[in-house]
Amino acid sequence: MTTPATPAARALRVALLGCGTVGSQVARILLDDADNLAGRAGARLDLVGVAVRSLDAERDVELPDGLLTTDADALVADADIVIELMGGIEPAKSLILRAIAHGAAVVSGNKALLALDGPELYEQADAAGVQLSYEAAVAGAIPILRPIRDSLSGDRITRVLGIVNGTTNYILDQMDSTGAQFDDALQAAQHLGYAEADPTADIEGHDAAAKAAILASLSFHTRFALEDVSCEGITSVTADDIAAAAEDGYVIKLLAIAELLTDATGAEGIGVRVHPTLLPRTHPLAAVHGAFNAVFVEAENAGELMFYGQGAGGTPTASAVLGDVVSAARRRVLGGPGRTETTTSQVPALGIDAVRTSYCIALQVVDEPGVLARIAQIFAANGVSIETMRQRIRQDGPDGATTAELRIVTHRAVEASLAATVRQVAELEVITAVSSVLRVEGI
Ligand SMILES: NC(=O)C1=CN([C@@H]2O[C@H](COP(=O)(O)OP(=O)(O)OC[C@H]3O[C@@H](n4cnc5c(N)ncnc54)[C@H](O)[C@@H]3O)[C@@H](O)[C@H]2O)C=CC1
Ligand SMILES: N[C@@H](CC=O)C(=O)O
Ligand code: NA
């Protein structure tokens with residue numbers, strides 16, 4: 001339930017460049033969730049145009065008439081916030097520079113461009129006093145750049161290690177778990193919208209290398225470019241490598257690593273590398289499946305931190321883009337760092353009775369016919385469905401009599417129904433004890 005704010009500030013003009021996998025989802029959310037976004041941003045975010053290559057191309061979303069244009073230059077010249085999601089170096093770079101020169105805030109997911117020409121863009125943005133943000137460029141939806149840049153700015157990062165390319169993780173995971181062929185898994189990743197326009201960038205490790213350069217730059221407060229990253233992709237990883245690794249208890253993952261090192265002379269420096277790596281199956285990164293990404297950060301005072309989530313795909317990546325858009329809008333509206341909190345959604349706090357959860361209930365029962373049926377009847381009467389029921393017979397009653405322990409795991413149900421079920425079951429004379437009632441999450 002939401003009470004949309006009526007922001008006092010004038011509406012901000014938002015221009016979108018590119019309407020592919022990510023751009024189309026950004027447009028959809030800007031249009032569909034306009035009231036909420038206005039509340040968070042403090043101003044309405046008016047999508048004033050979407051620059052595309054062809055007006056007639058088929059798209060993932062339907063846009064209102066008149067929004068599409070092939071004149072990206074004109075769009076950029078008249079916007080408060082420019083979202084660049086066309087990818088590639090040119091014309092993306094020139095359009096971003098033009099937007100900055102016009103005083104617009106810029107949001108981009110273009111890691112290839114940032115790893116190549118980031119410093120020039122950052123300097124221009126700083127000089128113009130506008131915000132250039134790019135959370136979507138590394139690990140898609142996962143908030144990782146802002147935590148490194150802001151939350152950890154009082155610490156000293158020593159190592160960043162991560163799975164930052166969804167396409168290659170998807171391919172390696174499919175090969176490992178289903179025995180899929182490389183080419184089939186790649187095609188599926190392309191179909192799901194994870195791969196770059198030219199998937200060579202993914203499988204040769206260049207996409208992960210661009211992300212590693214961005215991560216290293218922010219983590220170690222030094223500029224690192226693509227050429228500083230030692231890079232090896234996954235094209236030489238064979239099904240045999242994966243099977244042999246599995247036999248030895250390993251998985252193969254494409255890792256991006258940036259770390260503080262000491263060279264032979266004792267001087268400190270930063271090593272940045274991307275390559276396929278064997279990881280023990282017990283390692284937390286081994287459990288990152290499909291197109292998911294995860295980034296480990298080790299810092300002197302914070303210790304180990306792990307960030308996990310969807311690293312690719314239109315809708316998840318759009319989430320990171322819109323986070324940057326709202327943040328840029330807040331600064332436009334209020335200046336300085338923007339708001340600390342927003343309270344535009346006046347949602348009531350609900351009591352635990354409204355929660356839907358599962359229960360694991362352990363019951364000590366008399367070992368006689370009909371007991372299970374009576375218990376099951378109470379569950380059914382309360383609308384609580386049983387997921388599993390396990391019975392263990394023990395000979396620990398008086399004079400060697402048998403007792404039974406039942407462990408029942410339920411499907412999700414309203415907490416109030418579950419509580420009533422437990423209460424009624426406990427009242428049955430065939431129940432000698434309710435030995436534990438624990439809520440279950442994650443099933
Ligand atoms: N797909 C994903 O999961 C993620 C993508 N990214 C980045 O986001 C950006 C966009 O990626 P996708 O949406 O996947 O790419 P895409 O290839 O699906 O979409 C790009 C769109 O921009 C259009 N375009 C290209 N040049 C243009 C021009 N000169 N004028 C107008 N339109 C133009 C293309 O026709 C295409 O529709 C890229 O920089 C990519 O690296 C970042 C994180 C995740
Ligand atoms: N092609 C990239 C998209 C996200 O950055 C990937 O597969 O991770
Ligand atoms: Na991110």
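As the structure lists them, so they are numbered: ligands from 1, and atoms in each ligand from 1. Position 1 is the first residue of the sequence; numbering continues from there.
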* Asked: Applying a strict 4.0 Å limit to heavy atoms, is Gly140 in contact with ligand 2?
  -> no
* Structure fact -> Taking only non-hydrogen atoms of Gly87 and a 4.0 Å limit, the atoms of ligand 1 in range are 38 (C), 39 (O)
* Is Pro143 close enough to the Na ion (ligand 3) to have an N, O or S atom under 3.0 Å? -> no
* **Ring-ring centroid check Phe296 His283, cutoff 6.0 Å** => yes
* **Sub-4.0 Å atoms of ligand 2 with respect to non-hydrogen atoms of Gly166** => 6 (C), 7 (O), 8 (O)
* **Any protein heavy atom < 4.0 Å from atom 15 (O) of ligand 1** => no
* Sub-4.0 Å atoms of ligand 2 with respect to non-hydrogen atoms of Ala195 -> 1 (N)
* Mind reading off the angle at the Na ion (ligand 3) between the O atom of Val138 and the O atom of Gly140, rounded to 10°? => 100°
* Asked: Mind checking whether Ala137 has a heavy atom under 4.0 Å from ligand 1?
  -> no
* Ligand-residue contact atoms, ligand 2 with Tyr194, heavy atoms, under 4.0 Å -> 1 (N), 2 (C), 3 (C), 6 (C), 7 (O)
* Structure fact -> Within 4.0 Å of some non-hydrogen atom of Ala312, the atoms of ligand 1 are 3 (O)
* atom 5 (O) of ligand 2: the protein heavy-atom neighbour that sits closest, reported with distance to 0.1 Å -> Lys111 NZ, 2.5 Å
* Which of the atoms in ligand 1, numbered in the order shown and given with their element, are less than 4.0 Å from a heavy-atom of Val52? -> 31 (C), 32 (N)
* Shortest non-hydrogen separation from Ala294 to Val288 and the atoms involved -> CB-CG2, 3.6 Å
* Pro91 N/O to ligand 1 N/O under 3.5 Å -> no
* To do: Compute the shortest N/O to N/O distance between Gly140 and ligand 1 and return yes if it is under 3.5 Å, no if not.
  => no
* Atoms of ligand 2 less than 4.0 Å from Lys211 heavy atoms? -> 2 (C), 4 (C), 5 (O), 6 (C), 8 (O)
* Would you call Ala72 a ligand 1 contact, heavy-atom distance under 4.0 Å? -> no
* Asked: Given Gly109, Gly311, Gly193, which one has a non-hydrogen atom that is nearest to atom 7 (C) of ligand 1?
  -> Gly109
* Hey, which atoms in ligand 1 end up nearer than 4.0 Å to a heavy atom of Ala51? -> 31 (C), 32 (N)
* Asked: For ligand 1, which atoms, with element, lie under 4.0 Å from some heavy atom of Glu196?
  -> 40 (C), 41 (O)
* Does an N or O anywhere in Ala312 fall below 3.5 Å from an N or O of ligand 2? -> no
* Structure fact -> Checking heavy atoms under 4.0 Å, the part of Thr317 that sits near ligand 2 is neither
* Structure fact -> Numbered in order shown, the ligand 2 atoms found under 4.0 Å of a heavy atom of Asp202 are 1 (N), 2 (C), 6 (C), 7 (O)
* Given that the side chain starts at C-beta and the backbone is N, CA, C, O, which of these parts of Ala291 lies under 4.0 Å from ligand 2, counting heavy atoms, or is it both or neither? -> neither
* Do NZ/NE/NH1/NH2 and the carboxylate oxygens of Glu232 and Arg273 come within less than 4.0 Å? -> no
* Are the charged groups of Lys111 and Glu84 less than 4.0 angstrom apart, N to O? -> no
* To do: May I ask you to list the atoms of ligand 2 that are less than 4.0 angstrom from any heavy atom of Glu196?
  => 1 (N), 2 (C), 3 (C)
* Considering the heavy atoms of Asn165, write down every atom of ligand 2 situated less than 4.0 Å from one of them. => 2 (C), 6 (C), 7 (O), 8 (O)
* To do: Please report which non-hydrogen protein atom sits nearest to atom 7 (O) of ligand 2, along with the residue it belongs to and the distance in Å to one decimal place.
  => Thr167 OG1, 2.6 Å
* Considering the heavy atoms of Gly18, write down every atom of ligand 1 situated less than 4.0 Å from one of them. => 22 (O)
* Hey, is there an N, O or S on Ala139 sitting under 3.0 Å from the Na ion (ligand 3)? -> no
* State, to the nearest 10 degrees, the angle whose vertex is the Na ion (ligand 3) and whose arms point to O of Ile142 and OE2 of Glu135. => 80°
* To do: Could you say whether the N/O atoms of Ala136 and ligand 1 ever approach to under 3.5 Å?
  => no
